[in-house]
Amino acid sequence: MSHIETKCVQEGYKPENGQPRVLPIYQSTTYKYDSSSHVGDLFDLKVPGHMYTRISNPTTACVEEKIAALEGGVDAICTSSGQAASFMSVFNITGAGQNFVCSSAIYGGTVNLFNVTMKRMGIEVRFIVDGMSPGEIDALFDENTRLVFGETIANPALKVLDIEAYADLAHRHGVPLIVDNTFATPVLCRPFEYGADIVIHSTTKYMNGHASVVGGAVIDSGNFQWTDKYPELTTPDESYHGLVYTEQFGKKAYIEKARVQIMRDLGMTPAPISMFMLNEGLESLALRVDRHSQNALAVAEYLAGDKRVSWVNYPLLKGDTEYEKAKKYLKRGASGVVSFGVKGGRAAAMKFMDSLRLANIVVHVADARTCVLHPASTTHRQLTDEQLAAGGISPDLVRMSIGIENVEDIIADIDQALRRAEEAQCL
Ligand SMILES: *Cc1c(COP(=O)(O)O)cnc(C)c1O
């Protein structure tokens with residue numbers, strides 16, 4: 001099973017003789033045991049098995065196994081949202097008084113989580129901003145720095161992370177690199193192949209693919225060597241009567257700690273039926289992401305040649321600032337998200353969006369239907385102008401998530417909406 005298309009369909013649930021062919025939904029909070037001593041062994045983690053659905057569930061476990069296989073990791077845990085996954089991935093190894101280093105080209109919701117909410121927990125995020133010298137970047141690290149965080153294709157600025165450079169930076173400072181791989185998906189890029197240690201996802205986007213279920217995932221490559229610098233993994237956990245995660249779980253220590261400690265205590269648990277729907281989405285992930293990427297490149301090329309459009313960002317568009325990195329990290333495609341400016345600024349962008357017929361205005365990206373959003377007035381409106389600029393977002397930026405419809409219909413819709421914006425003398 002070496003190809004990603006096959007893994008999408010076949011990994012995870014593998015029925016035995018006479019069992020249902022399709023992943024069953026184990027909509028049960030609890031599990032039945034023959035003896036109380038078995039329950040004791042389960043709680044001591046001496047035998048594998050499920051105790052309680054807040055911590056693990058058989059339906060969820062199959063999806064976790066599939067996602068780990070897709071990324072080429074050793075273990076994964078699913079969460080109730082992408083935000084929960086981002087939080088868990090950092091909080092699992094970072095506490096009050098500690099800090100982490102982060103690319104500034106990341107999702108706006110992650111900026112709020114890191115810069116506001118986690119700050120209130122005493123955890124400090126230190127952003128790498130454009131134009132910093134290598135010396136200035138090194139100076140962000142100190143003995144309390146726990147990790148480096150970045151996003152493969154940043155939402156919505158569409159900046160491509162130089163994963164190898166970020167992995168080198170993290171490893172030189174003895175910390176792991178965590179990458180949010182939501183937009184690329186493991187079909188387009190597997191960050192572990194370039195040295196990333198941990199990957200997270202908002203499965204709400206392409207993985208589910210149909211805009212029906214919010215969810216997230218954290219995956220570990222198993223490659224980072226947890227040393228005494230991370231005592232929460234290498235010394236006894238008093239909340240788990242002296243368990244040492246690296247001794248008990250080896251390469252799976254990071255994810256299993258996240259499960260039996262963070263998930264146990266915070267309960268950001270996905271519902272089994274949500275996992276069933278995610279699994280159905282994953283089966284067609286490779287097919288869909290290829291079509292999204294082909295359509296988006298065609299749309300980006302069309303927009304780049306249209307005089308009513310002031311600029312276009314798409315990583316695989318020739319001449320894009322991200323083109324060289326995209327050629328390296330996104331060989332197969334650059335996903336369905338295109339951003340551009342309509343001549344005439346904010347007013348023209350609004351008229352254009354209001355005139356679209358096939359493409360709907362929604363607060364979402366990365367599902368089968370083409371949709372459109374104005375980040376500066378919606379998803380990113382909490383950010384200051386400086387934060388917007390640091391994330392690569394201008395006031396006229398329109399973000400289009402190109403779906404899997406026929407691309408001629410998508411382009412015809414864009415063309416008529418641009419014409420209406422032009423007729424309204426917005427541009
Ligand atoms: C949407 C998104 C998130 C947050 O995920 P939710 O599932 O909405 O909580 C995190 N990172 C990226 C890149 C996203 O696009």
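Starting from 1, each residue takes its place in the sequence as its number. As the structure is a computational prediction, the values presented were derived from the model and not from experiment. One-based numbering, in listed order, for ligands and for the atoms of each.
- Taking distance alone, with nitrogen or oxygen atoms compared against 3.5 Å, Thr204 approaches ligand 1 more closely than that limit.
- His374 and Asp396 form no side-chain donor-acceptor contact under 3.5 Å, judged by distance and modelled atom types alone.
- Ligand 1 has an N or O atom lying under 3.5 Å from an N or O atom of Lys205, backbone or side chain.
- Residue contacts with ligand 1 include Gly215, since one of its heavy atoms falls under 4.0 Å from the ligand.
- Between Leu45 and Phe249, the closest heavy-atom pair is CD1-CZ, 3.7 Å.
- For the pair Val214 and ligand 1, the shortest N or O to N or O distance does not fall below 3.5 Å.
- Of the polar atoms of Ser202, at least one N or O is found under 3.5 Å from an N or O of ligand 1, judged by distance alone.
- Ranking the protein heavy atoms by distance from atom 12 (C) of ligand 1 puts Asp180 OD2, 3.4 Å first.
- Side chains of Ser221 and Asp197: no donor on one and acceptor on the other come within 3.5 Å.
- Figure legend: cation-pi geometry between Lys205 and Tyr107, with NZ or CZ positioned under 6.0 Å from the six-membered ring centre and within 45° of its axis.
- Of the possible polar contacts, one joining the Gln83 side chain to the Gly109 backbone as a donor-acceptor pair under 3.5 Å is found.
- The shortest N or O to N or O distance between Asn155 and ligand 1 is below 3.5 Å.
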